[in-house]
Amino acid sequence: MGAGHSHGPAGDAAVAPAHRRWLAIAFGITATIVVAQAVGAAVTGSLALLTDTAHALTDAVGLLVALVAATLMQRPADKRRTWGFRRIEVIAALGQATLLVAVGTYAAVEGVRRLVAPPDVPSTELLVFGVVGLVANVVGIAILSSSRGANLNMRAAFLEVLNDTLGSLGVIVAAVVIATTGYQRADAIAGLFIALLIVPRAFAIMRQTFRVLMEYTPEGLDLDEVRAHMLSLDHVRDVHDVHASTVATGLPVISAHVVVDDACFADGHAPAILQRIRTCVAEHFPVSVEHSTIQLETAALREREHATAGHA
């Protein structure tokens, strides 16, 4: 006897239309930053500004992907895609993180090269473009802040803009140092600073997406504790083949085979046990798992499975 427990997408996980509008506005702002900073990088020859431009370009691409993903996530499930496009947010976040690693690696290599042979960078122009980037990024942060907890995709988009803001601050500091001291290596140091902002965050996002794609047990859910709690229920004799994973943000799932007394199928008690197990995984643990698939088995069936496995 098996049963699935299914609900529609969680309200806090799905991206509301308002969030998609904010994403669209943030994308427009970031795309403008890319154009402005690209011009500035060409005019000044600044590594810090070039790195921040590449970072902003990554942000713009990431926000565009986030916008597309947020739209696709609203498509309903069907017989071919039983979870709809819920996992698209994980794939989008992974793509953003990969781009950030590439940008950060380039900035690190070029930064070291420029520390050895620093080019002349005009401080005034660098300061102007740095301030333009800072103002635009602050606006982007204000727009995305209310939606940053919606899912992995929205969180990645928010963190990209936040880190790009720090990058713009690095550009401004470099411009001030060059203007006041003439220390041209400040530009390369700022570029390396931006790289240090980019790479660790990118790997953190990669780690989260890897956990989802590899179907690790949701963080905070102890399967040994889940199994022990199921075993404590009346008439439950064994629990095996317990699996739990995360489809997308706010959508953990679990499945298990539960061996119960043979008499439970004769006296009609099996449905009550099934409901208690469903309630247990949905309400008893720190991670609420409302999508559960539980297969009830008799002891005789379990013994046959063991015998079959032994002869395989």
Side-chain angles (χ1 to χ4, degrees), residues 1-15 62 65-66 68-70 72-101 149-157 159 201-231 238-259 274 277-297 302 305 309 312:
M1 179 177 181
H5 191 200
S6 180
H7 297 277
D12 58 350
V15 181
V65 171
V68 172
L72 289 176
M73 284 169 61
Q74 303 308 303
R75 292 189 177 183
D78 55 37
K79 64 181 181 180
R80 291 182 58 217
R81 304 177 185 88
T82 56
W83 292 112
F85 286 85
R86 292 295 300 275
R87 189 162 280 189
I88 195 72
E89 54 122 335
V90 181
I91 297 172
L94 179 60
Q96 290 170 261
T98 302
L99 286 172
L100 288 174
V101 168
N151 56 40
L152 269 178
N153 198 29
M154 293 294 292
R155 182 181 176 189
L159 288 176
R201 181 174 58 89
F203 280 117
I205 295 173
M206 280 185 168
R207 176 181 172 274
Q208 290 179 293
T209 57
F210 183 79
R211 288 185 61 87
V212 175
L213 294 176
M214 290 299 294
E215 299 194 349
Y216 283 13
T217 301
E219 291 189 78
L221 186 64
D222 186 336
L223 287 190
D224 289 335
E225 184 181 348
V226 171
R227 184 175 181 275
H229 201 267
M230 290 181 181
L231 283 170
D238 187 27
V239 177
H240 62 100
D241 290 330
V242 182
H243 302 282
S245 61
T246 303
V247 175
T249 304
L251 188 54
V253 296
I254 191 169
S255 63
H257 291 217
V258 179
V259 179
L274 182 61
I277 294 174
R278 286 177 172 177
T279 303
C280 169
V281 297
E283 300 178 359
H284 184 77
F285 303 102
V287 177
S288 175
V289 186
E290 296 188 346
H291 293 264
S292 56
T293 302
I294 309 299
Q295 178 172 314
L296 298 186
E297 301 174 342
R302 179 59 174 156
E305 288 178 347

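Between the CZ atom in Arg87 and the OG1 atom in Thr246 there is a gap of 8.0 Å [rounded to 0.5 Å]. Residue Arg278 holds its CZ atom at 12.0 Å from NE2 of His291, rounded to the nearest 0.5 Å. Taking CG of Leu94 as the reference point, atom CD1 of Ile91 lies at 8.5 Å (rounded to 0.5 Å). Residue His284 holds its NE2 atom at 12.5 Å from OG1 of Thr279, rounded to the nearest 0.5 Å.
Contacts of Arg207 classified as side-chain contact (heavy atoms from CB on, under 4.5 Å), with partners at least two apart in sequence or in another chain: Arg211, Glu219. Residues forming a ring pair (Phe, Tyr, Trp, His ring centres under 6.0 Å) with His243 (at least two apart in sequence, or on another chain): none.
Gly220 approaches Val287 most closely through the heavy-atom pair C-CG2, 3.7 Å. Counting all heavy atoms, side chain and backbone alike, Asp224 lies closest to Asp222 at N-OD1, 2.9 Å. Nearest approach of Pro218 to Pro252, heavy atoms of both residues: CG-CB, 3.9 Å. Of all heavy-atom pairs spanning Val101 and Phe203, the tightest one is CG2-CZ, 4.3 Å. Heavy-atom minimum distance, Thr209 versus Val90: CG2-O, 3.5 Å.
In this structure, the side chains of Leu223 and Ile254 come closer than 4.5 Å at one or more pairs of heavy atoms. Between His240 and Val259, the closest side-chain pair of non-hydrogen atoms falls below 4.5 Å. Counting only heavy atoms from C-beta outward, the side chains of Val281 and Met230 approach each other to under 4.5 Å. Taking the side chain as every heavy atom from C-beta outward, Thr98 and Met206 approach each other to under 4.5 Å. Counting heavy atoms from C-beta outward, Val258 and Glu297 have side chains that stay 4.5 Å or more apart.
Between Asp238 and Arg227 there is a salt bridge, since a side-chain N of the basic residue sits under 4.0 Å from a carboxylate O of the acidic one.
A side-chain donor-acceptor contact under 3.5 Å links Ser288 to the backbone of Ala282.
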